[in-house]
A.B. asks: 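One structure follows; several queries about it will come next.
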Number of protein chains: 2
Amino acid sequence: MTSSDCPVLDDTKKPRRRNSDLTVHELKAATTEQLINQGLSGLSIKPILDKAGVSRGALFHHFPTKNHLIAAAFADLLQSFSEALHQSGSDLRSGRIDVSAFVEQVVETFVSDMFIGSMEIALGIRVEPDLSELVKEAVEEWRVSLAAFWNETFELKGMDTAAAAQHWAMASNLLRGHAFTSTYGVEPGARLAFCKSFEKLILNEAVIKKETA
Amino acid sequence: MTSSDCPVLDDTKKPRRRNSDLTVHELKAATTEQLINQGLSGLSIKPILDKAGVSRGALFHHFPTKNHLIAAAFADLLQSFSEALHQSGSDLRSGRIDVSAFVEQVVETFVSDMFIGSMEIALGIRVEPDLSELVKEAVEEWRVSLAAFWNETFELKGMDTAAAAQHWAMASNLLRGHAFTSTYGVEPGARLAFCKSFEKLILNEAVIKKETA
DNA sequence: CACTACAAACCAATCGGTCGGTATGTCAAG
DNA sequence: CTTGACATACCGACCGATTGGTTTGTAGTG
């Protein structure tokens with residue numbers, strides 16, 4: 001999470017005064033890191049500021065409220081989450097990896113920091129209506145993207161659209177459940193066992209779509 | 001969550017000075033309610049005190065730390081959770097309900113306040129090592145109880161112990177995933193669809209054990 | 001008298017957020 | 001090229017409210 005990750009650093013064009021984009025990026029990065037490592041309750045302004053190396057004034061200059069910052073950081077997180085899944089799907093369709101490796105990757109993505117962050121926010125929005133509002137759009141995008149991920153990767157023979165949707169909903173639920181279980185800590189081997197079960201239970205009748213490129 | 005739920009209200013026996021047991025119970029009840037309705041971050045001492053109608057001094061007289069109170073409340077919650085499941089299992093084995101109703105009940109139990117509370121704590125213990133320690137025992141009991149629930153309710157033909165354990169782990173993951181998904185809000189019908197899919201995916205080859213009573 | 005069970009004043013630390021001030025940059029007029 | 005008006009980016013002292021926890025005192029009981 002260094003500043004080199006930021007794609008918006010070319011000060012070559014357009015009027016930009018100080019380091020506005022950088023500051024915002026650092027702020028979001030620090031927020032994400034805190035969210036994952038310390039949870040929602042660890043999202044106090046002070047540690048975020050310290051970690052980002054930014055002043056209180058700068059934060060409230062760029063974001064009207066702490067929750068606005070959190071929402072912005074979370075939107076970025078969900079997008080990374082989504083991109084990781086689509087990448088795995090693409091790898092599978094192109095033949096770069098096989099189904100087992102695909103499942104491992106997908107499970108890995110779910111049992112990652114990103115999912116933890118999602119859980120934190122999911123619980124947070126139950127209590128904070130304004131945060132819920134701020135995050136709504138990003139969550140909806142994520143929902144659509146997840147459905148698209150399954151549908152663009154696999155075909156389910158003999159299932160209509162609704163049945164397929166339900167099938168992938170179950171797949172997603174399984175992954176979420178496993179990810180949640182993992183937060184309590186898992187014994188070694190459980191991950192692998194889950195992958196194998198998942199493959200058998202969910203992907204048995206699924207056909208990989210051919211690369212259309 | 002009224003005080004009438006309390007099984008410890010018979011002041012008829014033994015030396016008890018004031019209302020010690022009552023106070024403790026009110027404290028735990030208020031904590032649970034706050035945990036569910038306001039999340040971990042809503043577990044401030046003040047609102048708990050207000051809700052329980054108890055003073056600060058009383059709390060710290062009975063619990064050395066806020067986290068001790070939380071852990072105690074959570075242990076109660078997990079036990080209720082467990083009891084609800086075992087009740088459903090018993091109802092099924094005795095023939096009082098059929099498989100569909102059983103699945104509905106179990107799903108209902110998972111998508112309840114109790115699961116929300118578990119999620120909150122699960123995330124909380126990632127960040128607070130001492131809370132993690134305080135809760136450890138209750139969580140382990142819950143784990144065992146959940147496994148027992150499946151095994152005492154169903155038999156899986158042609159599966160050894162390990163395979164059966166893995167099968168029920170997947171079942172539990174599905175339920176957890178669905179419960180988590182539900183926290184974001186579900187469209188009507190999704191619950192039913194999940195129940196049907198669950199029954200087909202998980203309980204297809206499961207045989208209900210006979211009532212041994 | 002000793003002990004439990006409580007009540008409530010009190011504490012330092014921290015919370016999210018505001019505000020006045022300054023440094024830096026753009027732009028248009030002279 | 002200089003100058004002054006104006007906007008943006010930022011800093012950090014400060015605010016009232018709230019945090020978990022301590023302490024001191026007291027009412028009731030054996």
Side-chain angles (χ1 to χ4, degrees), chain A residues 3 6 8-28 30-31 34-35 38-73 124 127-131 134, chain B residues 3 6 8-9 11-28 30-31 34-35 38-73 124 127-131 133-134:
Chain A
S3 62
C6 179
V8 207
L9 279 179
D10 46 340
D11 6 23
T12 55
K13 56 176 174 180
K14 286 303 163 60
R16 182 166 8 104
R17 317 311 161 92
R18 291 278 253 284
N19 261 334
S20 179
D21 293 344
L22 213 206
T23 301
V24 168
H25 176 263
E26 302 264 44
L27 242 15
K28 291 197 289 185
T31 302
Q34 277 292 109
L35 175 66
Q38 307 298 327
L40 248 191
S41 54
L43 280 190
S44 301
I45 288 182
K46 178 71 158 8
I48 292 177
L49 260 24
D50 292 347
K51 196 154 290 190
V54 155
S55 79
R56 221 175 186 62
L59 195 170
F60 285 101
H61 173 72
H62 291 290
F63 299 94
T65 273
K66 192 186 72 161
N67 277 348
H68 282 78
L69 169 59
I70 296 179
V127 193
E128 292 187 54
D130 60 320
L131 179 58
L134 293 171
Chain B
S3 61
C6 180
V8 206
L9 278 180
D11 5 24
T12 54
K13 57 177 174 178
K14 285 300 160 66
R16 186 167 4 105
R17 317 308 164 91
R18 291 277 254 286
N19 263 332
S20 180
D21 292 344
L22 213 208
T23 301
V24 167
H25 175 263
E26 302 264 44
L27 243 14
K28 290 196 290 184
T31 302
Q34 277 292 110
L35 175 67
Q38 307 299 326
L40 249 191
S41 54
L43 280 190
S44 302
I45 288 182
K46 178 70 159 7
I48 292 176
L49 260 26
D50 292 347
K51 195 154 290 189
V54 156
S55 78
R56 222 176 183 68
L59 194 170
F60 285 100
H61 173 72
H62 292 290
F63 299 94
T65 274
K66 193 186 73 163
N67 277 347
H68 282 79
L69 169 57
I70 296 178
V127 195
E128 292 187 55
D130 60 320
L131 179 58
E133 197 58 36
L134 292 171

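A, B, ... follow the sequence lines: proteins, then strands. Residue 1 opens every chain. These numbers come from a predicted model, not from an experiment.
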A.B. asks: With sequence neighbours left out, what residues match B:Gln38 under side-chain hydrogen bond (donor to acceptor under 3.5 Å, both in side chains)?
C.D. replies: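 By the side-chain hydrogen bond (donor to acceptor under 3.5 Å, both in side chains) rule, B:Gln38 matches no residue at all.
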A.B. asks: Rounded to the nearest angstrom, tell me the gap between atom CG in B:Leu27 and atom C1' in C:dA5.
C.D. replies: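 Atom CG in B:Leu27 sits about 13 Å away from atom C1' in C:dA5.
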A.B. asks: For B:Val54, which residues count as a side-chain contact (heavy atoms from CB on, under 4.5 Å) partner, sequence neighbours excluded?
C.D. replies: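 Scan of B:Val54 (side-chain contact (heavy atoms from CB on, under 4.5 Å), adjacent residues dropped) gives B:Thr23, B:Leu27, B:Ala52, B:Ala58.
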A.B. asks: Residues two or more places apart in sequence or in another chain: which of them pass side-chain contact (heavy atoms from CB on, under 4.5 Å) with A:His61?
C.D. replies: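 Partners of A:His61 under the side-chain contact (heavy atoms from CB on, under 4.5 Å) test: none.
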A.B. asks: Counting only non-hydrogen atoms, which of residues 64-72 of chain B are less than 4.0 Å from DNA chain C?
C.D. replies: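 Of all residues in residues 64-72 of chain B, none places a heavy atom under 4.0 Å from DNA chain C.
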A.B. asks: Between D:dT18 atom P and B:Gln38 atom CD, what is the distance in whole Å?
C.D. replies: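 Nearest whole value for this atom pair: 14 Å.
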A.B. asks: For the side chain of B:Phe60, starting at C-beta, report the closest nucleotide among D:dT22, C:dC6, D:dA9.
C.D. replies: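 Out of D:dT22, C:dC6, D:dA9, the nucleotide with an atom closest to B:Phe60's side chain is D:dT22.
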A.B. asks: In whole Å, what is the span from the NE2 atom of A:His61 to the P atom of D:dC11?
C.D. replies: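 Rounded to the whole Å, the gap is 11 Å.
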A.B. asks: Return no unless some side-chain N or O of A:Thr23 is found under 4.0 Å from OP1 or OP2 of D:dA9.
C.D. replies: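 No, A:Thr23 has no side-chain N/O under 4.0 Å of OP1/OP2 on D:dA9.
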A.B. asks: Rounded to the nearest 0.5 Å, what separation is found between the CG atom of B:Asn67 and the CG atom of B:Leu134?
C.D. replies: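 Reported to 0.5 Å precision, the distance equals 6.5 Å.
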A.B. asks: Who pairs with A:Ser41 by side-chain contact (heavy atoms from CB on, under 4.5 Å), at least two apart in sequence or on another chain?
C.D. replies: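 Once residues adjacent in sequence are excluded, A:Ser41 has no partner under the side-chain contact (heavy atoms from CB on, under 4.5 Å) criterion.
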A.B. asks: Under 3.5 Å, sequence neighbours excluded: what are the donor-acceptor pairs made by side chains of residues 43-51 of chain B?
C.D. replies:
{"residue": "B:Lys51", "atom": "NZ", "partner": "B:Gln34", "partner atom": "OE1", "Å": "3.0"}

A.B. asks: When you measure from every atom of DNA chain C, which of residues 40-51 of chain A have a heavy atom less than 4.0 Å away?
C.D. replies: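 A:Leu43, A:Ser44, A:Ile45, A:Lys46 - these, ordered by number, are the residues of the stretch whose heavy atoms sit under 4.0 Å from the strand.
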A.B. asks: Measure from CG on B:Leu22 to P on C:dA5 and round the result to the nearest Å.
C.D. replies: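 In whole Å, C:dA5 P and B:Leu22 CG are 13 Å from each other.
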A.B. asks: Starting at CZ of B:Phe63 and ending at P of C:dT4, how long is that distance when rounded to a whole Å?
C.D. replies: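 To the nearest whole Å, that distance equals 17 Å.
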A.B. asks: Name the pairs: protein N/O against N/O of nucleotides 12-16 of chain D, kept only if under 3.5 Å.
C.D. replies:
{"residue": "D:dG12", "atom": "O6", "partner": "A:Gly57", "partner atom": "N", "Å": "3.4"}

A.B. asks: Whole Å only: how far is the CG atom of B:Leu59 from the C1' atom of D:dT22?
C.D. replies: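 These atoms are roughly 13 Å apart.
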A.B. asks: Given atom CG of A:Asn19 and atom C1' of D:dC11, what is their separation to the nearest angstrom?
C.D. replies: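 Rounding to the nearest Å, CG of A:Asn19 and C1' of D:dC11 are 15 Å apart.
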A.B. asks: Closest approach of A:Leu40 and A:Gly124, non-hydrogen atoms and distance?
C.D. replies: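 Result for this residue pair: CD1-CA, 3.2 Å.
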A.B. asks: Say you draw a straight line from OG1 of B:Thr31 to CD of B:Glu26; how long is it, rounded to the nearest 0.5 Å?
C.D. replies: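 That separation rounds to 11.0 Å.
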A.B. asks: What distance do B:Leu69 atom CG and B:Phe60 atom CZ have between them, rounded to the nearest 0.5 Å?
C.D. replies: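 Interatomic distance, B:Leu69 CG to B:Phe60 CZ, rounded to 0.5 Å: 9.0 Å.
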A.B. asks: Atom NZ in B:Lys28, atom CD1 in B:Ile70: separation rounded to 0.5 Å?
C.D. replies: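 So the NZ of B:Lys28 and the CD1 of B:Ile70 are separated by 14.0 Å.
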